Every structure is written in C-alpha cells, then in structure tokens.
Number of protein chains: 2
Amino acid sequence: MKSRSGPGFVSAQEVARLAGVSRSAVSRTFTPGASVSPDTRERVLEAADRLGYHVNHLARGLISQTTGIVCLVVSDIATPYLSSMVDALTRRLQEASKVAMVINATGRLEKIEDAIRQTLHYRADATVVLSGSPDRAIIQTCLDSGQRLILLNRDEVLPGIRNVALDNAAAARQALHAFLKAGCRRLAVVASAARTPSLVGREKGFVDAARSVGLDVATWSDGPTAHATGAAGARHLLARTDPPDAVFCVTDLLACGFMDAARHEFGLRIPEDLSVIGFDDIEHAGWPSYALTTFAQPVAEIADHVVSCVTEYDAPADASRRLFAAPMVWRGTVRR
Amino acid sequence: MKSRSGPGFVSAQEVARLAGVSRSAVSRTFTPGASVSPDTRERVLEAADRLGYHVNHLARGLISQTTGIVCLVVSDIATPYLSSMVDALTRRLQEASKVAMVINATGRLEKIEDAIRQTLHYRADATVVLSGSPDRAIIQTCLDSGQRLILLNRDEVLPGIRNVALDNAAAARQALHAFLKAGCRRLAVVASAARTPSLVGREKGFVDAARSVGLDVATWSDGPTAHATGAAGARHLLARTDPPDAVFCVTDLLACGFMDAARHEFGLRIPEDLSVIGFDDIEHAGWPSYALTTFAQPVAEIADHVVSCVTEYDAPADASRRLFAAPMVWRGTVRR
DNA sequence: GACAGCTTTGCACACGAGTGCAACACATAG
DNA sequence: CTATGTGTTGCACTCGTGTGCAAAGCTGTC
C-alpha cells in the first residue's frame with residue numbers, strides 16, 4: 001500500500017508491469033463483466049493494492065462517453081430547503097454510482113449560463129438546475145450535445161428537457177380551505193420580491209382560490225425571501241385598519257419572520273388571534289416556538305425521481321413534466 | 001450556434017475541419033499564451049461557436065495533470081453552518097477557476113474512506129475534508145499520489161496535510177468571562193454525543209477555564225447535535241435542585257433548543273433568569289425570538305484560506321496548522 | 001490424436017486534448 | 001540577393017483507459 005516513491009498517480013501500465021501481465025488485463029480486471037482468469041485477476045489486484053492504483057475516471061470517461069458526473073446548478077445553497085435537497089441528491093447520486101459537481105450560480109443571472117457551460121466542459125452525464133432560469137440558447141446547446149437537462153421548480157416546458165415541480169396551486173387551495181374551515185375571512189399572502197415560478201405559483205394559487213369563493217386577499221411581496229421580509233410584511237399588514245386573521249406565507253422562513261413580528265411587536269397570539277401557514281417544512285417549523293402548520297417538500301421522492309431521470313436510458317420524446325404533491329403538515333398555527 | 005445534427009459532443013477535430021486549419025491550431029486557440037495568428041484564431045472561434053464546441057476539461061486534465069476539480073467531503077450538508085461553508089467554498093473555488101465536487105459522507109464512518117477514494121478516481125487537485133476523520137492509511141495514499149489534503153476542524157496534525165481550525169479554547173474562555181462579568185456562578189455546558197474535535201474542544205475549553213477559577217460545571221452531552229438535544233439538556237439541567245444560571249451551548253442549534261425549553265417549559269426569562277451563549281452564529285441566532293449571543297464562524301476567511309491552500313504551489317514542509325479566531329457576537333442572551 | 005468449442009490474453013487502435021520540434025512564411029538588415 | 005530573425009503552422013507523440021479482433025491456450029468428445 002505504500003511502496004511508491006515519486007509523487008504522481010500510478011497508471012495501469014505500472015500495475016501491469018508489477019503483476020507481469022499486459023495492460024489490457026489490468027483494464028479488464030477493473031471492468032465489470034470483462035473476461036479475466038481468477039489467477040491473473042488476483043495478481044493484478046495485489047499489485048494494484050501494493051502500488052495504490054486507482055482507475056482514472058477521467059480517462060475512462062473519455063472513451064466510454066459517460067463520466068458519472070452530474071452537475072447541480074444551485075444558488076443560495078445555504079437556504080434550508082435547498083441544502084436539504086442538495087443533501088438528498090448527492091446521497092442518491094452516489095448510491096447510483098454517480099458523483100455530484102456543484103456549480104454555485106449565486107449572483108448575476110448570466111452566471112447560470114456560465115455555470116451550465118462549465119457542465120459542458122466536464123462532459124457531465126446530466127445537469128440539474130435547482131434555481132435560476134437558463135437561457136433558451138444554452139438549453140439548445142445542451143440538447144445538441146446530448147446533455148440531459150433537468151429543471152426543478154421551473155416553468156419552462158420544452159421538448160427534450162425534464163421538468164419536475166411541485167403542485168403549488170393545489171397546496172395553496174388546501175391552505176385556503178384550512179383557513180376557511182377555521183373561520184378566518186380576512187386573508188393575506190406574504191411573498192418576496194423574488195418572482196420565481198414556485199413562489200409566484202403559490203401566491204397566485206392562493207389569490208385565485210380566494211377569488212373563486214368571493215374573497216379578497218391583501219398581499220406583501222418585497223425584499224429577499226428571508227426572515228426579515230416576513231417581519232416587514234407583518235409590520236405592514238398588521239398595522240392596517242382591517243388586519244388579516246389568516247396569513248399564507250409562501251415560505252417557512254417568511255412565516256417565521258411574520259410570526260416573530262406578530263407576537264413580539266403586535267402582541268398577537270397564534271393561532272387564537274391569527275392563523276399562519278407556511279411552505280417547505282424546514283427544520284425550525286417543527287420547533288416548539290413556531291410549531292408551524294406548513295406543506296412538506298417531498299425531498300426524498302423528488303431526489304429519487306431526479307436520479308431516475310439521470311440514469312434512465314432514453315430521452316423523453318417531447319416535453320416531460322412531473323408534478324409532486326406537497327402534503328400538508330398540521331401543527332399548531334391554524335385554529336381548528 | 002445550432003447547425004449540428006447528430007447528438008454527442010463536438011471535438012476539436014471537427015472544429016479544425018470546418019475552420020480549415022489543423023487541430024493544433026484549435027488547441028492553441030483555447031490555450032492561453034499559445035501562439036496563433038489573429039486571423040486563424042478568429043476563424044477557429046467562429047467555427048467553434050457555430051458547432052457549439054466546448055473544450056473537454058477531462059481530456060485536458062489527462063495531459064496537463066491538473067483537472068481543476070476540488071473535492072469537498074461533507075456530511076450533514078443540510079446543517080446551517082456546513083451549508084454556508086459549502087456555499088462560500090464553491091463560490092471562492094469558482095472564482096479561482098476550480099470546480100467543486102461534493103462527496104456526501106453522511107452515514108457510516110467507513111464512507112469517508114470511500115469518499116476520499118472517489119476523490120482519487122477523479123484526480124482532484126485537492127480534497128477538503130469538512131467532517132469525519134479519514135483513516136491514516138488513506139491519508140498516506142493521498143500524499144503519495146500528490147493529492148493535497150486539507151482538513152477542517154480536525155485534530156490530526158500530520159506532515160504534508162493542511163489543517164485549518166477554530167480557536168475553540170479561546171472562545172470558550174471568552175464565554176466564561178462574559179458569564180462571570182454578568183454575575184453568573186452556576187455554570188453548565190450543553191454538548192451532544194457527537195465527539196467531534198470542535199465540539200469537544202469547546203466543551204473542554206469551557207470546563208478547563210471554569211476550573212482554573214475554581215468553579216464547577218454541570219454538563220449534558222447526549223443525542224445528535226440538534227435542537228431536540230438542546231431541549232433535552234434544558235429539561236435535565238433546569239430540573240436539578242441547583243439549576244444553572246449560565247449555559248454555554250457548543251452549537252447555536254443546541255442553544256435554540258435549550259432556550260425554547262427553558263422559556264416554554266420552565267417559564268424562565270432570558271437573560272434575566274438565565275444567560276445563554278451559543279456557537280456558529282447561524283441565521284436564526286439573529287432572529288428576534290432568539291437574539292442569541294454567540295461566536296461567529298469566520299466562514300469567508302476560512303474559505304479564502306482553503307482556496308489559497310488549494311492553489312498554492314508547494315506543499316508544506318511539515319505539519320501546517322492555521323487557527324482562526326471566532327469573534328464574539330453580542331446580542332441579548334447574556335445579562336450585562 | 002484430431003477437432004470443435006470455449007476462455008483467456010495481447011496487440012493495436014480509439015477517445016480528446018496539449019506541446020516539442022521542425023518546417024515554413026515573411027520582414028528586415030546587411 | 002542573401003542571411004538572419006520572428007512569428008505560425010502542422011506533424012507526431014503523449015496522457016490513461018476501454019475494447020474489437022485474432023492468436024493462443026485449455027477442455028472435452030469422438
């Protein structure tokens with residue numbers, strides 16, 4: 001395991017020399033399903049172990065046209081929901097003997113394109129875009145190159161690319177009915193300035209559902225999708241002459257901020273004075289201080305599906321879109 | 001940008017054919033500092049653009065001995081502190097024109113070794129271990145292969161590997177003095193069953209500092225490093241006949257759990273009845289409900305230093321260890 | 001012993017790129 | 001016109017691996 005001197009990686013050639021066989025034999029030893037006699041196989045393995053040999057996946061990918069690399073294009077990885085998604089994806093990919101390359105696309109929008117270009121440089125087997133909308137031209141480039149492209153929570157439905165998203169509208173409807181059942185009538189939505197498809201879908205879904213039963217909805221959507229924005233929304237909405245008694249926050253982070261401000265700055269009790277529903281089911285939603293009723297992201301299922309998209313053999317003939325349901329998690333922020 | 005027909009990536013050869021030059025010319029066009037006339041350079045660039053050509057970094061890495069890949073071995077990426085570290089690292093690495101490959105080592109300890117082996121398969125330029133202790137043998141293998149190995153918040157100090165950590169003992173001492181200054185004398189520490197060097201260092205640092213001034217410390221360390229564990233610690237410590245009036249939680253997550261239980265289950269006011277200090281300065285520490293006094297992880301500085309370790313030319317002659325200070329963040333959980 | 005059938009092995013080529021070397025073109029000075 | 005120097009270009013080799021093909025080896029049956 002340690003009899004080498006000079007630095008640098010050891011190649012199959014050196015292993016072959018030590019084992020007294022041809023380089024092909026070494027290659028076949030490490031290729032599942034290839035024909036090697038048990039005898040030489042053992043000799044090769046011993047030599048490889050002694051020299052500390054590791055197959056060079058880059059060279060292998062050069063010839064086998066599949067590198068095992070899957071690119072994850074993410075911005076705001078530090079966000080609770082996204083980080084748990086990255087966790088699930090990396091784990092699942094490894095189980096499928098792939099490896100994740102993370103491209104941080106935080107910042108300017110054009111960075112997304114640069115990121116996907118990186119993907120092409122490394123001949124990834126597939127690219128999963130977790131945020132940001134890639135340009136149409138770069139999508140075409142991916143398709144031409146035979147790159148699989150999987151978009152998460154995005155609107156673009158194009159032939160050849162896989163799209164997986166959440167049924168935000170259904171969840172929003174369910175939230176509305178929960179509020180109605182609790183006897184609430186003065187509704188509000190808190191969103192942020194980030195007009196990503198998921199957030200917009202939840203906001204719009206809630207407003208539309210309310211309209212369909214003849215109710216109006218006050219809205220707040222300003223600032224980043226963070227705790228402070230939720231608090232700002234509370235300050236704005238609760239100071240009105242006709243403050244809401246039920247608030248749908250399109251994100252748990254927003255909901256936490258809203259609740260903090262409602263409790264500490266307005267002295268409101270939740271759910272007695274005010275019902276709140278969030279979205280994502282991030283960790284703190286389960287903490288006793290919040291005990292937030294919310295919708296759970298089916299992270300594991302989505303990750304499984306994404307991995308199956310990556311490993312499946314053939315491309316979808318036309319636009320493929322898979323919608324996941326976000327199950328409601330009942331806790332203590334809605335009056336019953 | 002779209003005149004190709006069959007799937008698959010386009011090679012430099014095809015670009016050369018279209019541009020009417022040799023493949024070498026194409027190669028040189030994309031190699032900074034190589035000698036190409038402005039005329040052919042332009043012809044090549046145009047052909048490359050038309051065909052959608054992207055340099056194959058894998059093939060380039062094969063010959064240039066440097067792939068631009070840096071492996072991040074992480075477990076529990078979804079944890080607030082680690083996810084922000086991954087965020088910072090991926091961003092900084094990209095700025096240094098490297099790319100991060102994330103290996104999820106969650107689970108069994110032996111997975112760390114598998115993970116590092118992956119690293120070797122892809123001929124990464126360096127490997128950053130964010131959690132878990134790699135085995136000594138695998139470290140040796142890395143060194144033999146010329147792999148740079150950078151350990152974060154680990155104890156192992158070995159020749160050839162870079163070690164970067166936090167000055168946990170200094171922070172623990174500072175926490176103790178803050179408590180003493182606030183008039184607290186009944187001390188406690190809350191940790192978890194995870195005996196990682198950082199957590200142990202903080203716990204031990206606090207206990208030692210207290211002993212040196214003749215004070216005893218009640219401790220709780222059981223369960224995972226999570227909110228629930230902090231709450232359990234509160235239930236245990238606050239139910240004693242002689243409950244603490246100052247608690248140092250080795251992690252913000254633990255501190256949040258402790259505070260929630262102390263407030264809601266024991267009706268204690270913070271900081272009037274009880275002072276609390278955490279560690280990490282995660283996002284919620286800044287939220288009004290917690291306003292936790294804590295120690296900030298110098299994430300940006302650490303990331304910068306790690307990247308400089310990756311890009312620096314020569315290996316450290318012997319064991320290299322860099323200690324970062326964690327500045328105290330004063331908020332509202334310590335009486336003044 | 002001859003022959004068929006199967007397994008194992010090595011040769012040689014391919015993958016996609018970088019680069020030393022020599023040939024070449026061109027400009028300038030003598 | 002020749003000699004010298006400078007800047008481009010292409011050939012051919014290299015990196016580490018997979019694999020088709022044919023040769024070689026082995027086994028078993030008639």
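Because the structure is predicted, anything quoted here is derived from the model rather than measured. Throughout, a chain's letter reflects where its sequence line sits, starting with A, and its residues are numbered from 1.
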inquiry  = Using a 4.0 Å heavy-atom cut-off, does A:V26 contact any base of the nucleic acid, only the sugar-phosphate backbone, or nothing at all?
reply    = nothing
_For the aromatic rings, using the six-membered ring if either is Trp, is the centroid distance between A:Y53 and A:F9 under 6.0 Å?_
no
Judged by nearest nucleotide, the residue sitting upstream toward the 5' end of DNA chain C, A:S22 or B:Y53, is A:S22
Of B:V36 and B:L62, the one whose closest nucleotide on DNA chain D sits nearer the 5' end is B:V36
From CD of B:Q13 across to C1' of C:dG18 the rounded distance in Å is 14 Å
Taken to the nearest whole Å, CZ/A:R60 to C1'/C:dG16 is 18 Å
Rounded to whole Å, CZ of A:R17 lies from P of D:dG16 at a distance of 11 Å
Among the nucleotides C:dA14, D:dG16, C:dT7, whichever has the atom closest to the side chain of A:A59 is D:dG16
With a non-hydrogen cut-off below 4.0 angstrom, is B:S11 in contact with a base, only sugar-phosphate, or nothing?
sugar-phosphate
I'd like to know if A:S64 reaches the base of C:dC15 with its side chain, counting only an N/O donor and acceptor under 3.5 Å. no
task: Identify whether any heavy atom of A:S27 sits under 4.0 Å from a base atom; if not, whether one sits that close to sugar-phosphate; answer base, sugar-phosphate or nothing.
output: base
Looking at C:dT7, I'd like to know if its phosphate oxygens (OP1 or OP2) sit under 4.0 Å from a side-chain N or O belonging to A:S37. no
Nearest heavy-atom approach of A:A100 to A:L93 is CB-CD1, 4.0 Å
To the nearest angstrom, the CZ-P distance between B:R23 and D:dA12 comes to 13 Å
A:E14 CD to D:dC15 C1', in whole Å, measures 12 Å
B:I63 CD1 to C:dG20 P, in whole Å, measures 10 Å
With no angle test and no hydrogens, is the base of C:dC11 tied to the side chain of A:S24 by a donor-acceptor pair under 3.5 Å?
yes
Item to complete: State whether the distance check finds a donor on one side and an acceptor on the other, under 3.5 Å, for side chain B:R28 versus base D:dG10.
Response: yes
Taken to the nearest whole Å, CZ/B:F9 to C1'/C:dG16 is 12 Å
Considering only NZ, NE, NH1 and NH2 on the basic side and carboxylate oxygens on the acidic side, decide whether A:R92 and A:D304 come within less than 4.0 Å. yes
Using only side-chain N and O atoms of A:Y122, determine if any of them is under 4.0 Å from OP1 or OP2 of C:dG16. no
Minimal heavy-atom distance between B:D125 and B:T66, with the atoms involved, is OD2-OG1, 3.2 Å
- Task: Indicate yes or no: does B:E46 engage B:R50 in a salt bridge with an N to O separation below 4.0 Å.
- Result: yes
Determine the contact category for B:S35: base if any of its heavy atoms lies under 4.0 Å from a base atom, sugar-phosphate if only primed atoms, P, OP1 or OP2 are that close, otherwise nothing. base
When rounded to whole Å, the CZ to P distance for the pair A:F30 and D:dG18 reads 10 Å
Assert: residue with more 5' nearest nucleotide on DNA chain C, out of A:Q65 and A:R41, is A:R41
**Report entry** Donor-acceptor pair present, B:R123 side chain and D:dG16 base, under 3.5 Å
**Finding:** no
inquiry  = Please check if the number of heavy atoms outside B:E42 that lie under 6.0 Å from its CD is greater than 12.
reply    = no
